[in-house]
Amino acid sequence: MKKIILLTLTVLVYSSVFSQSYKSFFLPDELELSKDLPFPGDLQGYTFGEWHFSHDQLINYLQELSDKSERVTMWKYGETHENRPLYLLAITSPDNQEKLENLRSRHLNHVQNKLAQNPKEDPVFIWLGYSVHGNESSPGNASILTAYHLAATKSKEVKRILNHSVILIDPCLNPDGFTRAANWSNMHIHNTTVKTPYDRQFREDWPGGRTNHYWFDLNRDWLPAQHPESQARLEMFHKWKPHIVTDHHEMGSNSTFFFQPGVPERMNPRTPERNIKLTKEIASYHAKALDKTGTLYFSEESFDDFYYGKGSTYPDVNGSIGILFEQSRVMGQVIKNEHGELSFADAINNHYTVSLSTIRAAINMKTELFSYQQQFYSKANKLAEKDQVKGYIFGDENGKVKVYHFLKMLEKHEIEIYGLKKNIRINGKIFKSGSSYLVPTQQDQYRLIKSIFEKRTSFEDSVFYDVSSWTMPLAFDIPFTPVNNQRLMTHKGSKLEELRMPEGKIYGKASNVGYIANGNNYNIHALLYQLKKKGLLAKVATKEFSTRIYSKEYHFSNGSIFIPVNKQKIKPDQLHEYLEKLSTKYGINLVGMPSSLTDKGIDLGSRYFVPVKKPEILLVAGEGVSSRSAGEIWHLLDHRMNISVVLIKPEHLSRINLFDFNTLILPNGRYNYNEETTKKIKFWLEEGGVMVALENANQWLRKEDWISWQKKETPDENSSSTLPYGNRRKRRRINSISGVILEAAIDPTHPVAFGIDKNQMPVLKNNNSFIKKSSDPYATPVTVKEKPLLTGYLSKENKEKVENTAWCLVGKKGKGKIISFVDNPNFRGYWYGTNKLFLNAIFYGNIIR
Ligand SMILES: [Zn+2]
C-alpha cells in the first residue's frame, strides 16, 4: 500500500491528491474511467480507505453517483429504529434501466415457471449486501467502491456485465450500528498511525456497533423479522428474488479471508445439493481473483449454513445462492496481526475484489443460475406432493394478539395463509374458525414452511454455529398441528389478504362495579402499565373465576386484571372512555361487570384480587452485561410494550437512590460489586425490592448467598480416557447446547405463570446451566420435564442432565423477591411464549408470598 501522509490543516486542499493515490491503490491503472463521476471521498473531504465513512457519507456519495450516472438508480426502502434511511441501488446498462420494472416482472414470471427464459437477453439478478454488522466497516466502505467501479468504468467487460445483469446493492444493512462504529473508529484515529491491536481505535466501548438500535444482531433476524430493518429488506428481497445474494462481514483480527462454501456436513438438509455445487463453482472465481493479489483465504471450515435466519442462509431456502464473506478485522486504519500488518484499505479491497468476482461468476454461470432457481421452485412443489404433511393448522382463540404477530412474520416470507371454513378437532386439539389458520405445504415456500413448522431431533452433524432449532409456533407458544389427511384440506377457507392487528372492545354495558381484562392476552402488561401510568387502581386476580353475563359464560384466568369504577381519580364515564381506547389499541377485550358477585371462584371484592404497583424499572446495561440480553429486554419493554425503563450503567448503581425504583433487572452478564454497593443493594432488596436475574447474573446472587442456585449433580466424564487431539474442539462443542426447545412443566397458579392457562409450555435451552429445583416446593414455577426434547440437538449426556432441572426459580430476601431465569425467556425477540413469564416476574414479583 502506498504511504499516505496526513496533513491535518490542509486535508481539504490535498484530499483529491490523496484520493488519487488511493484510487490507484484500488483500481488498476489501465482502467478507463468516466471523469464525470467523483471517486469516493472526493466530495466528502475524506481520504477513502483511510477514514471510515459514516452512513450519511455513504448515502450522500451514492446519491451523487445515481444523480450523475445513467447506469445507477437508487431508492429508499425503509427506515431503521433511529430513522436512518435504508437504500437499495440498481446498477445496470442505461437500456436496462429504462425497462427495469419490466425486467423485474419478467424475472418473477421466470422464477414461477410462467415464462421461458432467454439467457441471451434476460439479465441475471445479483444482490450485494454489506455490513449487517455495523462495526464490520470494510464491507460498507467496499460497497461504494464497487458501485463506483460499475458506474464509472468504460471497459468492454463492464459494459457486457451491465447488459447481462441487474446488480442490486444494499450498501449498509445496519445503518445505526454502522454509524456508531464509524464514529468510534474516526474519533480514535491518530496523526501518527498506531497499529497496536489494543489501542482504543480497535476496542469499542459497550455496546459496540455490531448490533442495531436495540442491540439485536440483525444477521439472526432474517427469519424472526422482528425489526424494521429486516422487515423492509425482506420485502425488497422477495420483490427481486435475486439469483445470488452476498453477505459481507469481518471476523477476528488474526484471521485471513473466508468465502463460502462453509462446512459441508453442516449444511441445512433443506438446501438443495446443487446449491452447494454452484457455491463451489462461484468460489473458484473468488479464489482466482484473490490469488492474483496473493491474499490468503480459506473455505469449507468454521462457518456453516444451517440456521435460516442469517443473510447468507436465508437466500438458500428462497431459491437464491447465499454467499458469506468474512474479512480479518481492522476497525481503525492499520492493525498489526499474526500475519503481519493489515490496513483498512486492504480489507475494503478484498471485499471489492470478491464483489466483482461474484458478478463475473454470475454472468458466466447465468444459464445454470436461471435453471437452478426455476428448478428450486418446481422441485419444491414436487417435494410438497410427496410429503405426507399437507399443511399446518394453528391458532388460539385466546391468543389473537400473539397469533397476529406470528401471521405477520409468515407474511414477510411470502407464505400463503388461509382461514378455516369451520372448527376442526385434530390430534386432540380444537381449532376454531375465525381464530385459526391453515398453511398448505403445496406452495412455492414449501421448504421455508417446513423449516418454520417442523420439529427435528436427528441431525447429520452435532455441531452448530448457531441454534439447532427454531420451530416458530413453539417459540410463540401457539397450538399447532400438521395435517396428514388430504381430506382435511377441504376445510381450507379463503386466503388471508390483509392482516390487521385485532381490535379489542368492551363487552356489556358501562359498569358501576368495574371491568375485567383476561390475563391470557399477550398485551395484558402493556394495558396494565398504561393504567398504572395514569395513576389508576388495578388489581390482579390471583385465582381464576367465571361468571355468566347476559347469557354468555366468561372464564377469567389467574392474572386477569380488574379495574374498579369506585375510588378512581377519574369519573366513571371517563374511565369507560379511556378503557375503550386502550382495549382498541392493545387488542384486549374487557368485560363490564354488572355485579361484584361471580358465579364461580372469587368475587370482585375478594382479597385474592391484589392491587398492582406501577413498576419503576432499572435495567442494568453496560460493560460486563450481555448487550444482547439487555437489548432484548429493552426492546420488549420499551418498543413492544411501551413500558418505560431506565438503563443504568453497572457502576452507577452505587451512586443513585435505589428507592426511586422497585424493580431491578440484571440481564445475562458478569457482576461484581464492592462491599459497600452490595450492602446498599441488599438493603433495598430486603426492604421489598424485586430483582429479576437472567442466566449468569444469578452467579453473583449465588455468590452473595441471596439465592439457592445449586448445580444438579451429574456423573463425571471418564477422565482417564485418551481421546484424539484433533477432535478436541469438535468434542467440546458437541456437548454445548445450541438453541434447543424443551417442554417445561409450569404452575399456572404461580404469579410468574399467570395467564398461561395450561400446565406445560415450550422453553428455550441455549446454555449449559443445569440447576436444581428449589427445596421450597412453591418456588420453582417452571421446571424442565422428563424426556423434554421437543426439537433441536441434545447430546445423550445433556439429555440426562437437563431433565427435572429448574428453568425459573423464585427466592426471597427479607421483604424482597428474586426471580431467577436459568435460561433466556426473551431470545431474539420472538419467544412470545416465555417473555410473558418475564413480564409477569416484573409486574407480579412483589406479590409472591
Ligand atoms: Zn459479521
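What's counted below: heavy atoms across the whole structure, side chains too, no hydrogens, waters or symmetry copies. Here the structure is a predicted model, which is why all the values come from computation and not from measurement. We number each residue from 1, following the sequence as shown. When a ligand or atom number is given, it counts from 1 through the structure's own listing order.
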- Below 2.8 Å, any N, O or S contact between E136 and the Zn ion (ligand 1)? yes
- Task: For D170 and G129, indicate whether the former's side chain and the latter's backbone hold a donor-acceptor pair under 3.5 Å.
- Result: no
- Task: With the Zn ion (ligand 1) as the reference point, give the N/O/S atom of H133 that is nearest.
- Result: ND1
- Query: Going by an N to O cut-off under 4.0 Å, is there a salt bridge joining E204 and R329?
  - Reply: yes
- Message: Whether R84 and E79 form a salt bridge (side-chain N of Lys/Arg under 4.0 Å from carboxylate O of Asp/Glu) is what I want to check.
- Response: no
- Query: In H249, the N, O or S atom nearest to the Zn ion (ligand 1) is which?
  - Reply: ND1
- Query: For H133, which of N174, D217, T211, D247 qualifies under side chain to side chain donor-acceptor pair (under 3.5 Å)?
  - Reply: D217
